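Reading through the structure tokens given below for one structure.
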Amino acid sequence: MTKSRLFRLWLVLGSVFTVLLIIAYWDSVGTAHFHLHTALSRPHPLQPRASPGPGLAAASDVEEFLEKLLGAGGKRGAGPGETAEQPAPGNVEESVRGYDWSPRDAPPGPDPDARQAARRSVLRDFCANASFVFPTKERSFDDIPNYELNHLIVDDRHGVIYCYVPKVACTNWKRVMIVLSESLLDQGAPYRDPLDIPREYVHNSSTHLTFNKFWRRYGKFSRHLMKAKLRKYTKFLFVRDPFVRLISAFRSKFQLENEEFYRRFAVPMLRMYSNHTSLPASVSEAFSAGLKVSFANFIQYLLDPHTEKLAPFNEHWRQVHRLCHPCQIEYDFVGKLETLDQDAAQLLRLLKVDKRLHFPPSYRNRTASSWEEDWFAQIPLAWRQQLYKLYEADFVLFGYPKPENLLRD
Ligand SMILES: *[C@@H]1O[C@H](CO)[C@@H](O)[C@H](O)[C@H]1NC(C)=O
Ligand SMILES: *[C@@H]1O[C@H](CO)[C@@H](O)[C@H](O)[C@H]1NC(C)=O
Ligand SMILES: *[C@@H]1O[C@H](CO)[C@@H](O)[C@H](O)[C@H]1NC(C)=O
Ligand SMILES: *[C@@H]1O[C@H](CO)[C@@H](O)[C@H](O)[C@H]1NC(C)=O
């Protein structure tokens with residue numbers, strides 16, 4: 001008995017020491033040299049799925065320790081998760097479809113904390129509801145491959161994790177994350193104003209610390225670190241109506257000249273769905289020849305089973321639940337683009353950084369949900385219904401009502 005306890009203690013201490021050394025090493029060096037990590041690693045299993053034994057016990061102890069460590073050193077904002085949650089009344093302005101959101105005209109709405117509690121409870125309820133299913137819903141956090149964790153940006157200085165969703169104000173939230181984490185310097189000093197950061201740096205993935213980079217830094221302890229951070233940090237994301245997000249993606253990637261998206265997506269779409277055989281090499285030539293992908297081509301591409309056989313959806317149209325794993329990660333704050341200004345102010349207050357920085361003013365020529373009917377008028381009913389199925393989990397999890405007007409004759 002004492003022997004086995006001693007053995008466990010030794011395992012725990014050994015693991016903790018290893019983790020600390022590795023963290024210290026990787027943080028100061030920051031590059032991938034696996035020899036040190038390998039030399040220090042101990043050959044005990046840390047997979048949480050392993051049969052109960054000393055390895056498993058040590059693993060959970062390591063997590064507990066990491067959590068304490070993070071908790072002790074963390075200058076984190078108050079997590080909303082700490083307040084008791086009461087299911088709150090539904091969100092009035094969101095249940096009106098086609099409502100043309102403009103923050104200035106928006107009705108006062110329910111109190112912001114109640115609104116957050118309501119959004120989180122919808123998410124929790126549907127994640128727990130066994131009759132609501134979608135692919136990958138039932139897998140655990142450990143089963144999510146690293147490359148699918150590339151949208152989770154970590155700020156260790158304030159204890160914040162942001163899952164970015166393209167087409168949902170992500171440029172500005174990434175800017176905020178850069179300012180908070182001081183991950184980018186301007187002539188030796190960290191940026192203080194989000195709007196000073198040039199756009200090309202904002203979207204360069206080397207600017208941000210994301211979960212998928214943990215493996216290189218922390219080796220086999222990366223999952224434990226991630227889980228400890230997920231428990232301690234304030235986690236947030238911003239979402240918007242899934243169909244409006246698709247219109248927005250289409251407008252920005254196919255109606256404006258974009259060389260990359262022209263080559264990677266528009267050319268194959270025009271070939272496959274519009275019978276074009278010879279297409280110009282550049283987007284400007286194509287546009288002057290009147291060759292543009294139609295919204296119908298785009299929808300056909302999304303519905304084509306062939307598309308995902310080649311590669312997962314591009315992040316601009318990939319479902320939010322596939323980018324952010326909301327049933328595996330318990331988000332503390334679910335913001336919506338439809339209430340961006342209020343949500344941004346509330347979130348910065350929660351993170352206790354509202355004195356230091358302001359969320360950049362929102363882009364006023366945003367894709368409005370009231371345009372939806374016009375956009376979908378050219379799309380056959382059967383396609384709209386299939387498209388709804390494809391994005392249904394996002395509608396349901398984030399409390400967007402089913403667009404009945406588009407799904408019936
Ligand atoms: C669970 O999900 C199903 C299917 O979406 C739905 O009909 C049902 O009302 C949900 N149950 C609860 C308790 O929310
Ligand atoms: C991103 O930043 C890195 C490091 O600053 C740089 O080497 C790289 O060229 C940048 N990539 C792009 C696409 O700008
Ligand atoms: C493309 O060509 C095929 C076969 O030639 C034809 O059946 C189809 O209707 C054409 N599609 C369009 C969009 O022109
Ligand atoms: C806003 O977007 C619409 C549709 O894309 C466009 O016609 C209009 O010129 C834009 N307005 C401004 C001020 O950019």
Side-chain angles (χ1 to χ4, degrees), residues 22-37 70 144-230 233-238 249 252-253 258-261 263-265 311-318 320 322-325 329 351 353 356-357 359-360:
I22 289 171
I23 293 172
Y25 179 76
W26 293 124
D27 267 346
S28 56
V29 178
T31 48
H33 288 286
F34 283 95
H35 59 271
L36 180 68
H37 162 226
L70 289 165
I144 304 174
N146 269 322
Y147 60 82
E148 284 188 35
L149 297 172
N150 62 343
H151 281 63
L152 292 153
I153 299 177
V154 183
D155 164 31
D156 286 317
R157 300 183 77 249
H158 300 82
V160 183
I161 294 173
Y162 164 49
C163 181
Y164 72 92
V165 178
K167 306 318 298 171
V168 192
C170 86
T171 306
N172 281 336
W173 282 114
K174 282 180 175 176
R175 287 190 159 117
V176 168
M177 291 302 283
I178 290 171
V179 170
L180 291 181
S181 60
E182 302 187 352
S183 60
L184 191 66
L185 303 182
D186 177 24
Q187 293 161 358
Y191 283 98
R192 295 280 162 220
D193 182 347
L195 286 177
D196 289 344
I197 307 166
R199 210 186 154 80
E200 61 269 27
Y201 294 135
V202 175
H203 289 296
N204 185 331
S205 65
S206 63
T207 305
H208 303 278
L209 172 61
T210 44
F211 265 4
N212 61 314
K213 296 179 181 171
F214 275 37
W215 171 252
R216 265 186 67 185
R217 286 192 173 207
Y218 308 113
K220 72 179 184 181
F221 291 102
S222 54
R223 286 284 157 154
H224 297 293
L225 259 181
M226 285 181 208
K227 283 195 264 188
K229 289 181 190 212
L230 283 171
Y233 289 4
T234 303
K235 306 158 290 295
F236 76 98
L237 83 171
F238 271 76
S252 74
K253 299 301 169 200
N258 182 316
E259 208 62 65
E260 187 203 343
F261 278 72
R263 287 204 203 115
R264 282 175 61 196
F265 302 105
F313 275 177
N314 176 271
E315 61 174 7
H316 291 85
W317 44 85
R318 197 180 312 160
V320 176
R322 293 170 63 192
L323 296 171
C324 295
H325 321 290
I329 293 172
L351 300 175
V353 296
R356 276 186 41 207
L357 71 112
F359 190 72

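Start at 1 with the first residue, then count along the sequence. Owing to the predicted nature of the structure, the values given are computational and were not obtained by experimental measurement.
For the atom pair NE2 (His158) and OG (Ser181), the distance works out to 9.0 Å, reported to the nearest 0.5 Å. The line from CG of Leu357 to OH of Tyr191 is 15.5 Å long, rounded to the nearest 0.5 Å. Leu180 CG to Ile153 CD1: the interatomic distance, rounded to the nearest 0.5 Å, is 11.0 Å. Note that the CG atom of Asp193 and the CG atom of Leu195 stand 5.0 Å from one another [nearest 0.5 Å].
Qualifying side-chain contact (heavy atoms from CB on, under 4.5 Å) partners for Lys253, counting only residues two or more places apart in sequence or in other chains: Asn258, Phe261, His316.
Taking both residues in full, the closest heavy atoms of Lys235 and Leu230 are given as NZ-O, 2.8 Å, listed atom of the first, atom of the second, then distance. Scanning all heavy atoms of the two residues, the minimum distance from Lys220 to His224 falls at O-CD2, 4.2 Å. The heavy-atom pair separating Val154 from Phe211 by the smallest distance is CG2-CE1, 3.4 Å. Taking both residues in full, the closest heavy atoms of Arg175 and Pro198 are given as NH2-C, 4.4 Å, listed atom of the first, atom of the second, then distance.
In terms of modelled atom types and a separation under 3.5 Å, the side chain of Ser183 and the main chain of Thr207 share a donor-acceptor contact.
Few gaps surround CZ on Phe313; more than 12 heavy atoms of other groups in view lie less than 6.0 Å from it.
Using a 4.5 Å heavy-atom threshold, the side chains of Arg217 and Leu209 count as touching. Leu323 has its side chain within reach of Pro166: a pair of non-hydrogen atoms, C-beta onward, lies under 4.5 Å apart. Side-chain contact check for Ile329 versus Leu152: some heavy-atom pair is nearer than 4.5 Å. At a threshold of 4.5 Å between non-hydrogen side-chain atoms, the residues Asn146 and Arg216 do not count as touching. Side-chain contact between Glu315 and Asn150: absent, with no pair of heavy atoms (C-beta onward) separated by less than 4.5 Å. Taking the side chain as every heavy atom from C-beta outward, Trp173 and Phe359 approach each other to under 4.5 Å. No side-chain heavy atom of His151 sits less than 4.5 Å from a side-chain heavy atom of Leu237. Within the 4.5 Å cutoff, no side-chain heavy atoms of Arg322 are placed close to those of Glu148.
No side-chain N or O of Tyr233 forms a donor-acceptor pair with one of Asp155 less than 3.5 Å apart. Between the side chains of His203 and Thr171, at least one donor N or O sits under 3.5 Å from an acceptor N or O.
Under the 30°/60° scheme for interplanar angles, the aromatic rings of Tyr218 and Phe214 are found to stand perpendicular. The aromatic rings of Phe238 and Phe236 lie perpendicular to each other, with more than 60° between the two planes, well past the 30° mark.
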Side chain to side chain contact (heavy atoms under 4.5 Å, CB included) assessment of His325 paired with Leu149 = CA-CA 9 Å; His325 321 290; Leu149 297 172; 4.0 Å; yes
inquiry  = Quick one, Asp196 with Val179, criterion side chain to side chain contact (heavy atoms under 4.5 Å, CB included). Give me CA distance, side-chain angles, the key distance, then yes/no.
reply    = CA-CA 10 Å; Asp196 289 344; Val179 170; over 6 Å; no
query = Glu182 and Arg192: salt bridge (Lys or Arg N to Asp or Glu O under 4.0 Å), yes or no, with the steps?
reply = CA-CA 8 Å; Glu182 302 187 352; Arg192 295 280 162 220; 3.5 Å; yes
Test side chain to side chain contact (heavy atoms under 4.5 Å, CB included) applied to Tyr162 and Cys170, step by step = CA-CA 10 Å; Tyr162 164 49; Cys170 86; 3.4 Å; yes
